[in-house]
Amino acid sequence: MNDVDQADPREIQTLQMYLNEYGQQIEILTQQLSMIEQQRLEAAAAIETLRALQENGDSTVLLPIGGGALLRVKVLDAGHVLVNVGADISVERATTDAVEYLGDRITELEALGKKVAGSVEQLQGQAGEISRRLEAAYRGARQAPAGQSGS
């Protein structure tokens with residue numbers, strides 16, 4: 001074997017480091033995807049609930065108070081709702097405006113989810129390429145001593 005076929009231990013170490021970094025980035029982005037999907041599902045559930053309240057008018061709903069406990073409460077004003085608009089700021093909106101706002105939020109979350117999923121896909125492709133290079137480097141490292149001992 002010539003020097004080109006022999007694996008450089010520094011290259012193997014560098015590739016392993018890159019592979020670990022890509023793995024960590026993929027894990028973080030996957031967690032972000034999960035959070036985005038959770039927010040999307042919550043917004044969709046809120047829209048469904050608001051629409052049901054508008055149709056039924058005077059309704060009783062279950063209000064979660066924490067620890068798995070729920071209260072049965074009467075909705076006093078189904079025509080208005082407080083909506084969190086970010087940075088722990090909530091504003092009162094007409095229910096129809098709140099539904100529209102939440103629908104827009106869902107659209108934004110879906111777009112963000114697609115972007116993050118694309119990044120995950122790209123990182124997985126790069127990690128796959130590094131894995132192939134690392135595997136080839138390991139094969140070269142195992143074959144190099146055998147080739148040298150026959151000289």
Side-chain angles (χ1 to χ4, degrees), residues 5-144:
D5 292 335
Q6 293 182 5
D8 181 358
R10 290 175 298 189
E11 180 185 13
I12 291 175
Q13 184 179 10
T14 301
L15 289 172
Q16 188 63 52
M17 182 186 69
Y18 283 138
L19 189 60
N20 291 341
E21 287 178 15
Y22 281 134
Q24 290 171 357
Q25 289 175 3
I26 290 168
E27 186 177 329
I28 289 168
L29 290 176
T30 302
Q31 289 171 355
Q32 286 179 347
L33 267 177
S34 178
M35 290 179 358
I36 290 167
E37 180 61 14
Q38 183 63 34
Q39 290 174 358
R40 190 191 67 76
L41 290 173
E42 288 176 7
I47 289 172
E48 185 178 325
T49 301
L50 291 172
R51 286 183 176 151
L53 286 172
Q54 281 181 312
E55 291 172 8
N56 296 331
D58 187 29
S59 301
T60 301
V61 297
L62 296 175
L63 173 69
I65 59 171
L70 303 167
L71 288 176
R72 191 171 294 127
V73 297
K74 200 93 157 139
V75 176
L76 300 176
D77 182 6
H80 294 88
V81 64
L82 294 173
V83 179
N84 185 328
V85 293
D88 290 331
I89 297 173
S90 295
V91 295
E92 184 173 330
R93 293 196 172 180
T95 302
T96 53
D97 292 341
V99 167
E100 184 179 331
Y101 173 79
L102 291 169
D104 291 345
R105 184 183 289 175
I106 287 173
T107 301
E108 291 172 7
L109 289 168
E110 288 171 345
L112 180 59
K114 286 179 184 176
K115 184 177 179 182
V116 172
S119 295
V120 168
E121 223 174 273
Q122 183 180 11
L123 285 171
Q124 287 172 333
Q126 291 171 340
E129 178 59 31
I130 288 175
S131 290
R132 286 186 287 278
R133 288 177 57 195
L134 192 56
E135 188 176 311
Y138 278 132
R139 274 197 308 264
R142 285 191 301 249
Q143 292 171 357

Between atom [atom1] of [X] and atom [atom2] of [Y], what is the distance when rounded to the nearest 0.5 Å?
X: Leu29; Y: Ile36; atom1: CG; atom2: CD1; value: 9.0 Å
X: Asn20; Y: Ile130; atom1: CG; atom2: CD1; value: 10.0 Å
X: Met35; Y: Leu109; atom1: CE; atom2: CG; value: 10.5 Å
X: Ser131; Y: Gln16; atom1: OG; atom2: CD; value: 8.0 Å
X: Leu63; Y: Ile65; atom1: CG; atom2: CD1; value: 7.5 Å
X: Thr95; Y: Leu102; atom1: OG1; atom2: CG; value: 10.5 Å

Who passes side-chain contact (heavy atoms from CB on, under 4.5 Å) against [X], sequence neighbours left out?
X: Glu21; answer: Met17, Tyr18
X: Arg72; answer: Thr60, Leu62
X: Leu33; answer: Val116, Ala117, Val120

> At their closest point, which heavy atom of Ala127 faces which heavy atom of Leu19, and how far apart are they?
Replying inline: O-CD1, 3.4 Å

> Tell me, which pairs form a salt bridge (charged side-chain N to carboxylate O under 4.0 Å, His left out) where one or both residues lie in residues 22-49, sequence neighbours left out?
Replying inline: Glu37-Arg40

>> Quick test of your reading: applying salt bridge (charged side-chain N to carboxylate O under 4.0 Å, His left out), list the pairs with at least one residue in residues 96-109, sequence neighbours left out, ordered by first then second residue.
In response: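 For residues 96-109: none.
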
>> Enumerate the side-chain hydrogen bond (donor to acceptor under 3.5 Å, both in side chains) contacts for residues 112-122, please, sequence neighbours excluded, ordered by first and then second residue.
In response: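 Pairs touching residues 112-122 that pass the test: none.
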
>> I'd like to know whether CD of Gln124 has more than 12 heavy-atom contacts from other residues, nucleotides or ligands below 6.0 angstrom.
In response: yes

> Going through the checks in order, is the side chain to side chain contact (heavy atoms under 4.5 Å, CB included) test met by Leu50 and Thr96?
Replying inline: CA-CA 8 Å; Leu50 291 172; Thr96 53; over 6 Å; no

> Got a sec, which residues hit salt bridge (charged side-chain N to carboxylate O under 4.0 Å, His left out) with Arg51, two or more places apart in sequence or on another chain?
Replying inline: none

> Listed by chain and number, what are the side-chain hydrogen bond (donor to acceptor under 3.5 Å, both in side chains) partners of Arg133, not counting sequence neighbours?
Replying inline: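 Arg133 satisfies side-chain hydrogen bond (donor to acceptor under 3.5 Å, both in side chains) with no residue once adjacent residues are dropped.
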
All N/O donor-acceptor pairs, side-chain side in residues 79-90, below 3.5 Å, sequence neighbours left out:
unit_1, atom_1, unit_2, atom_2, d
His80, ND1, Asp77, OD1, 3.4
His80, ND1, Asp77, OD2, 3.0
Asn84, OD1, Gly86, N, 2.7

